[in-house]
Amino acid sequence: DMNAALTGKQVSSGFAVSDDRFLVQGSTRPKDFATQMQLLAAYLTDAGWRPTGWERMRSLAASIQNQLASTPGGVFNRDVGALIRGGDSRWGTPNLAQMTGSSVGDARAAVSKPLANDPIEVIIVGDISVEEAIRQTAATFGALPQRTAARASVPPLTFPSGSKEVVTLRHRGREDQGIGFIAWGTQGFHTDPATARTLNLLGAVYQLRLNDRFREKEGVTYSPQAGHSASEVFDRFGYLYGRIEAPPADLPGFFTAAQQIADDLKTNPVTADELVRARRPLLEQIERVRAGNEWWLGELGDIADDPRVLRALETQVSDLQAITPAALQAAAQRFLRPDAAYRLVVVPEKAGAR
């Protein structure tokens, strides 16, 4: 019936869960905008909750779990989200028992009350006039009964304390494959956006140095990764990290080199050339993503209620352009301490204890 009703229309719908909200979202073309808004409002207020899709995923639970366990990347992606948040299972992948024991009714129970009662924020970006956006919002979400529930508070979240011990995970794949991961806790984005952007640039420098050490000089791995992630929800949660995929025998050397790179960034300012090579791609990326709707859709949340959102958008480029080698060195000295490092490896089950 839905397919028949929407024949000839370019509309879509999706549901997602972020750190502090549920998202109902879709994309369309200007002439179908009214239908798109009607569709999203219908999903919000009168979802069918049919079990077919849920049961299909439940039937695939064993295959999904086996696939995740068969590679170091699968195990890493399965577990690291919860581990770097102090074991908080909300960021973990459900295990086999949780997947097979769940039902679409569990999902409905978890989200129905917030969807029915909590405040709604409507974000529209693209080729739509302000007047049309207001008109269609008034006819759909604006026509819903008044919502009285206050926005729920979010409990604090912090990065794990550093430890000399290395967290070890096991995969069931090839014996010559492993992952090494090192991270240092920082802070949330809105605690200090300028500092967060300094750390973003420091993460880009760290990426250059991992490339130089492990790809160019040693040939240990083709694609080392590094960067900085700062939460826009949790003021105390952020981390700067480095990661490589390499044979298990090379992982102890990775941790030694990773801390050596961190120590050098604390001791010596980066060179002018290195600063340019790290900063230019970030500025180019900002220019590129700002030309598209998806980036704006993700960045405008809370703009009506939180003045920090607009300030952060206005200062994004200028903050990045103003960062100096001295600022990067100060950030490294503050956050990249050996005693604050969190270390994790993913090694084969057959490799024995490490």
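Computed from a prediction, not measured in an experiment: that's the story for all the values here. Every heavy atom of this structure was used, including side-chain atoms; hydrogens, water molecules and symmetry mates were not.
- At least one donor-acceptor pair closer than 3.5 Å links the side chain of D32 to the backbone N or O of Q10.
- Between W184 and A341, the shortest heavy-atom distance links the atoms NE1-CB, 3.5 Å.
- By the 6.0 Å contact criterion, CD on Q98 is enclosed, its count of non-hydrogen atoms from other residues, nucleotides or ligands being greater than 12.
- No side-chain N or O of S103 forms a donor-acceptor pair with one of R108 less than 3.5 Å apart.
- Salt-bridge formation is not detected for the pair R343/E165: no Lys NZ or Arg NE/NH1/NH2 atom is positioned less than 4.0 Å from an Asp or Glu carboxylate oxygen.
- More than 12 heavy atoms of other shown residues, nucleotides or ligands fall within 6.0 angstrom of atom CD in E284.
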Please evaluate residues R197 and T315 with respect to the criterion side-chain hydrogen bond (donor to acceptor under 3.5 Å, both in side chains), reporting the C-alpha separation (whole Å), side-chain torsions for both, the decisive distance (0.1 Å), and the verdict.
CA-CA 10 Å; R197 286 163 178 157; T315 60; 3.0 Å; yes
Between I128 and Q136, does a side-chain contact (heavy atoms from CB on, under 4.5 Å) hold up when you go through it step by step?
CA-CA 11 Å; I128 294 293; Q136 298 304 334; over 6 Å; no
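- No more than 12 heavy atoms of other residues, nucleotides or ligands lie within 6.0 Å of CZ in R280, so this atom counts as exposed by the packing criterion.
- The cluster map of Ile, Leu, Val, Met, Phe, Trp and Tyr, joined by side-chain heavy atoms under 4.5 Å apart, puts Y206 and F255 in the same cluster.
- When all heavy atoms are compared, the tightest approach of A230 to A196 is CB-CB, 4.3 Å.
- Distance alone, capped at 3.5 Å, places no donor-acceptor pair between the T137 side chain and the I134 backbone.
- Taken from CG in L251 to CD in E245, the straight-line distance is 10.5 Å, to the nearest 0.5 Å.
- Residues W295 and I286 fail the side-chain proximity criterion, which asks for heavy atoms closer than 4.5 Å.
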Using the rule given for side-chain contact (heavy atoms from CB on, under 4.5 Å), can you reason through V167 versus F181, listing the C-alpha separation, both sets of side-chain angles and the distance that settles it, and then say yes or no?
CA-CA 10 Å; V167 176; F181 175 80; over 6 Å; no
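- Here the closest non-hydrogen pair linking L210 and A226 is CD1-CB, 3.8 Å.
- Inter-residue side-chain proximity for R90 and R85 is flagged as unmet; no heavy-atom pair is nearer than 4.5 Å.
- A side-chain donor-acceptor contact under 3.5 Å links R147 to the backbone of D118.
- Annotation: cation-pi geometry satisfied between R243 and F76 (NZ/CZ under 6.0 angstrom from ring centroid, within 45° of ring axis).
- In this structure the side chain of N200 never reaches within 4.5 angstrom of the side chain of T198, judged on heavy atoms.
- Checked options H190, R21, R308; the residue passing with D302 is R21 (criterion: side chain to side chain donor-acceptor pair (under 3.5 Å)).
- One hydrophobic cluster, built from ILVMFWY side chains closer than 4.5 Å, holds both V75 and W91.
- Taking a cutoff of 4.0 Å between a charged side-chain nitrogen and a carboxylate oxygen, R311 and E314 do not qualify as a salt bridge.
- Each of I179, T168, L169 was scored for a side-chain contact (heavy atoms from CB on, under 4.5 Å) with V347, with one residue passing: T168.
- Going from atom OG1 of T71 over to atom CG of L68 covers 7.5 Å, rounded to the nearest 0.5 Å.
- In this structure, Q25 CD and L40 CG are separated by 9.0 Å, a value rounded to the nearest 0.5 Å.
- In terms of heavy atoms, V309 sits closest to E299 at CG1-O, 3.5 Å.
- D339 CG: more than 12 foreign heavy atoms inside a 6.0 Å radius.
- The backbone N or O of K266 lies less than 3.5 Å from a partner atom in the side chain of Q333, making a donor-acceptor pair.
- Hydrophobic clustering of Ile, Leu, Val, Met, Phe, Trp and Tyr side chains at less than 4.5 Å, counting indirect connections, unites V289 with W296.
- In the hydrophobic clustering of this structure, F214 groups with I182; members are Ile, Leu, Val, Met, Phe, Trp, Tyr whose side-chain heavy atoms approach within less than 4.5 Å, directly or through other members.
- Atom OG1 of T186 is separated from atom CZ of R236 by 12.5 Å, given to the nearest 0.5 angstrom.
- Put simply, the side chain of V317 reaches to within 4.5 Å of the side chain of L283, judged on heavy atoms.
- Between F237 and F159, the two ring planes are tilted [angle within 30° to 60°].
- Taking 4.5 Å as the limit, every side-chain heavy atom of Q36 sits out of range of all side-chain heavy atoms of T140.
- Between D212 and R209 there is no salt bridge, since no side-chain nitrogen of the basic residue lies less than 4.0 Å from a carboxylate oxygen of the acidic one.
- With contacts defined as side-chain heavy-atom distances shorter than 4.5 Å, the pair Q329/L265 does not qualify.
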Might you work through the side-chain contact (heavy atoms from CB on, under 4.5 Å) test for H228 and L202, ending with a clear yes or no?
CA-CA 8 Å; H228 176 249; L202 184 64; over 6 Å; no
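- Taking CG of D235 as the start and OG1 of T191 as the end, the distance is 4.0 Å to the nearest 0.5 Å.
- Pairing each heavy atom of A97 with each of T100, the nearest pair is O-OG1, 3.4 Å.
- Side-chain polar atoms of Q316 and R290 form a donor-acceptor pair below 3.5 angstrom.
- Note that the CG atom of L96 and the OG1 atom of T93 stand 12.5 Å from one another [nearest 0.5 Å].
- Inspection of the Q260 and D264 side chains reveals no N or O donor paired with an N or O acceptor under 3.5 Å.
- Enclosure of atom OH in Y43 is not indicated, since only 12 or fewer non-hydrogen atoms of other residues, nucleotides or ligands lie within 6.0 angstrom.
- Side-chain atoms of Q65 and M99, non-hydrogen and from C-beta on, do get closer than 4.5 Å to each other.
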Go through the steps for T28 and T35 under the test side-chain contact (heavy atoms from CB on, under 4.5 Å), then give the verdict.
CA-CA 9 Å; T28 186; T35 303; over 6 Å; no
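- In this structure, the side chains of P114 and F22 come closer than 4.5 Å at one or more pairs of heavy atoms.
- Hydrophobic clustering of Ile, Leu, Val, Met, Phe, Trp and Tyr side chains at less than 4.5 Å, counting indirect connections, unites L320 with L275.
- Shortest non-hydrogen contact noted between Q187 and T195 is NE2-CG2, 3.6 Å.
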